[in-house]
S.K.: 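This is the structure I want to talk about, given as structure tokens.
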Number of protein chains: 2
Amino acid sequence: MKQEIKSELTRQLIIDKAFVLFYKNGFHAISVDKVMKETKLTKGAFYHHFKDKKELGLAVISDRIQSRVYDNMILPLLEVGDPFSILKTVFCERIKNFSIEEKQSGCPINNLINEISDSEVAYQLALKKIIEEWKLALIQLLEKAKTNNLIASEVNTSSVAVFLISAFEGVRGIRKLYNNDVVLEDYLLAVERYIDLLR
Amino acid sequence: MKQEIKSELTRQLIIDKAFVLFYKNGFHAISVDKVMKETKLTKGAFYHHFKDKKELGLAVISDRIQSRVYDNMILPLLEVGDPFSILKTVFCERIKNFSIEEKQSGCPINNLINEISDSEVAYQLALKKIIEEWKLALIQLLEKAKTNNLIASEVNTSSVAVFLISAFEGVRGIRKLYNNDVVLEDYLLAVERYIDLLR
DNA sequence: ACTAAAACATTACAATTGGTATGTTATTAT
DNA sequence: ATAATAACATACCAATTGTAATGTTTTAGT
């Protein structure tokens, strides 16, 4: 019982350090050695807990990235309240509260999506699952708003969801190129206007 | 004189093969060896033409990626005509005409932006230059439309430009996760509507 | 024709890569 | 208390990485 906990703890430690390193430097740029140097453990420990580097990558996605998106981008969508201010919370306030690190390093999902080649199916499926969950939550919110006659019936909710997610992921990439927030502020102005025009 | 041409030809050959490989697999996933195997030349040839791998990466950006963006996304913006249909040409028609490869492999700029870590300044500058050029052309188009009273004066053109670019780059990433075009169609519906609402 | 330089090829190399084999130590069930 | 197993550490491996040194061949100016 105690062993089980310690095992899970080191597993999480490895995933933790890996997430940060992958996030900041990219998946391919970080070796197992570098991850384990950060944990102050050895390679032996790594291959005891993980089959290979791929398994670590998938664990980072499902154990860290997924929950990040769920907590920050999905959960707020499920709360009761004005759908427009909820949307602004998720797609605007979230960005305003970003740390310097989160601005410089971009979005963990987006980084991975664009780094991973089209041949690495397992990663794609894991990442797709997150995006799909996010998209679905958005559609539900928008459909509810539609039912309550808050947005026009001709609005294609799936389309709006994809557009919002795309723009969000897009700026987070673009922002990485700058060392100021001008581009984020431009984005914010545009999304806010876009969300208002849904009414 | 003839030698000069041949030299430039092999240089371009290396850049060509590198671009395709980087595009499909990612920059870090492709070694100098793999690039040169594709050119059927040797490493000696490579290091005769390039200082290091980094120089190749920068050459790919400025010699291939930049012109790609210029031809497809910037030049059409400079033509005379209805700004709204021009915008749709660039942000909609272009996507509709994508090859399967261009759908699966995403956007070359976006791939690089999100793969390259925040520490690799040279790459960032090269990529930023492209985005800035694109953004500027968009702003000019929108400002002209504003002058002609085609779009409302309260529209922030810089903001719209950033939003359009972000959404475009965003979907190209998201699309990589799927093996169908649903997400692209959703995006298209939304941008078209967004562009129309600029009037 | 001859020489210098450019365009490449060959070989070598230390460092790093992902991964394995084989240890040792701690924990647990009996 | 002991035997088994889990949690690691150590040492090793072949392959690949980016790069340098040193070749050879082609081209160009004289």
Side-chain angles (χ1 to χ4, degrees), chain A residues 1-22 24-61 63 112 115-117 119-123, chain B residues 1-22 24-61 63 112 115-117 119-123:
Chain A
M1 195 50 83
K2 201 178 158 198
Q3 192 173 78
E4 223 172 287
I5 292 172
K6 208 204 170 189
S7 175
E8 185 58 25
L9 234 60
T10 48
R11 199 187 121 94
Q12 292 300 325
L13 175 68
I14 296 172
I15 294 178
D16 252 345
K17 299 295 184 183
F19 168 71
V20 175
L21 288 175
F22 290 166
K24 285 198 144 189
N25 305 87
F27 181 69
H28 284 119
I30 295 299
S31 62
V32 175
D33 272 323
K34 286 175 186 163
V35 172
M36 295 316 284
K37 191 167 279 177
E38 203 72 12
T39 64
K40 309 214 169 184
L41 294 174
T42 62
K43 251 189 189 180
F46 178 81
Y47 283 96
H48 175 74
H49 288 279
F50 298 93
K51 195 188 129 215
D52 48 26
K53 197 193 171 188
K54 189 174 183 176
E55 195 175 283
L56 173 63
L58 293 173
V60 166
I61 295 176
D63 278 39
L112 268 176
E115 179 178 358
I116 261 54
S117 76
S119 58
E120 292 169 282
V121 188
Y123 288 100
Chain B
M1 196 49 87
K2 201 177 156 197
Q3 191 173 80
E4 223 173 285
I5 292 172
K6 209 203 169 191
S7 176
E8 184 58 25
L9 233 61
T10 48
R11 199 187 121 92
Q12 291 301 325
L13 175 68
I14 296 172
I15 295 178
D16 252 346
K17 299 296 184 184
F19 168 70
V20 175
L21 288 175
F22 289 167
K24 284 197 144 190
N25 305 89
F27 180 70
H28 283 118
I30 294 299
S31 63
V32 176
D33 271 324
K34 285 175 187 163
V35 172
M36 295 316 285
K37 191 166 279 177
E38 204 71 14
T39 64
K40 307 213 168 186
L41 295 173
T42 63
K43 262 187 183 180
F46 177 80
Y47 282 96
H48 176 73
H49 288 278
F50 298 92
K51 196 188 127 214
D52 48 26
K53 196 192 171 188
K54 189 175 181 173
E55 196 176 282
L56 173 64
L58 293 173
V60 167
I61 294 176
D63 279 39
L112 268 175
E115 178 177 0
I116 261 55
S117 76
S119 57
E120 291 169 282
V121 188
Y123 288 99

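Remember, it's a predicted structure, so these values are computed and weren't measured experimentally. Atom set for the values below is all heavy atoms of this structure, side chains included, hydrogens, waters and symmetry mates excluded. Here is how names work: the chains are called A, B, and so on, in the same order as the sequence lines, proteins then strands, and each is numbered from 1.
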S.K.: Grab the NZ-P distance between A/K2 and C/dA29 for me, whole Å please.
M.R.: 12 Å

S.K.: Pairs of donor and acceptor atoms involving the side chains of residues 34-46 of chain A, under 3.5 Å and at least two apart or interchain, shall be tabulated with distances.
M.R.:
| unit_1 | atom_1 | unit_2 | atom_2 | d |
| --- | --- | --- | --- | --- |
| A/K34 | NZ | A/A29 | O | 3.2 |
| A/T39 | OG1 | A/M36 | O | 2.8 |
| A/T39 | OG1 | A/L41 | N | 3.1 |

S.K.: Who are the side-chain hydrogen bond (donor to acceptor under 3.5 Å, both in side chains) partners of B/D63, not counting sequence neighbours?
M.R.: B/Q12

S.K.: Just the rounded figure in Å: distance from C1' of C/dT27 to CD1 of A/I5.
M.R.: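 Going from CD1 in A/I5 over to C1' in C/dT27 covers 13 Å.
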
S.K.: Which residue pairs pass the side chain to side chain donor-acceptor pair (under 3.5 Å) test with at least one member in residues 44-55 of chain A, sequence neighbours excluded?
M.R.: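 Found A/T10-A/H49.
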
S.K.: Quick one: list whatever passes salt bridge (Lys or Arg N to Asp or Glu O under 4.0 Å) with A/K24, sequence neighbours left out.
M.R.: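 Here the qualifying residues are A/E101.
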
S.K.: N/O contacts under 3.5 Å, protein versus nucleotides 5-7 of chain C?
M.R.:
| unit_1 | atom_1 | unit_2 | atom_2 | d |
| --- | --- | --- | --- | --- |
| C/dA6 | O3' | B/Q3 | OE1 | 3.1 |
| C/dA7 | OP1 | B/S7 | OG | 3.0 |
| C/dA7 | OP2 | B/H48 | NE2 | 2.9 |

S.K.: Ignoring backbone atoms, test whether A/K53 places a side-chain nitrogen or oxygen under 4.0 Å from the OP1 or OP2 oxygen of C/dG18.
M.R.: yes

S.K.: To check you understand the geometry: which heavy-atom pair defines the closest contact between B/N25 and A/S117, and what is its length?
M.R.: CA-CB, 3.8 Å

S.K.: Starting at CG of B/L21 and ending at P of D/dT17, how long is that distance when rounded to a whole Å?
M.R.: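 In whole Å, D/dT17 P and B/L21 CG are 12 Å from each other.
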
S.K.: Please report the distance, rounded to the nearest Å, between CZ in A/F46 and C1' in C/dG19.
M.R.: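 In whole Å, C/dG19 C1' lies 10 Å from A/F46 CZ.
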
S.K.: Using a heavy-atom distance cut-off of less than 4.0 Å, which residues of residues 26-44 of chain A contact DNA chain D?
M.R.: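 Residues of residues 26-44 of chain A that come under 4.0 Å of DNA chain D are, in numerical order, A/L41, A/T42, A/G44.
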
S.K.: List the residues meeting side-chain hydrogen bond (donor to acceptor under 3.5 Å, both in side chains) with A/D33, not counting sequence neighbours, and say none if there are none.
M.R.: none

S.K.: How would you list, by chain and number, every residue that makes a ring-ring contact (aromatic ring centres under 6.0 Å, His included) with B/F27, sequence neighbours excluded?
M.R.: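 For B/F27, the residues satisfying ring-ring contact (aromatic ring centres under 6.0 Å, His included) (neighbours in sequence not counted) are B/F22, B/Y123.
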
S.K.: Rounding to a whole Å, what distance do you find between B/E55:CD and D/dG18:P?
M.R.: 15 Å

S.K.: Do you know which two heavy atoms are closest between A/L112 and A/I61, and how far apart they sit?
M.R.: CD1-CG1, 3.8 Å

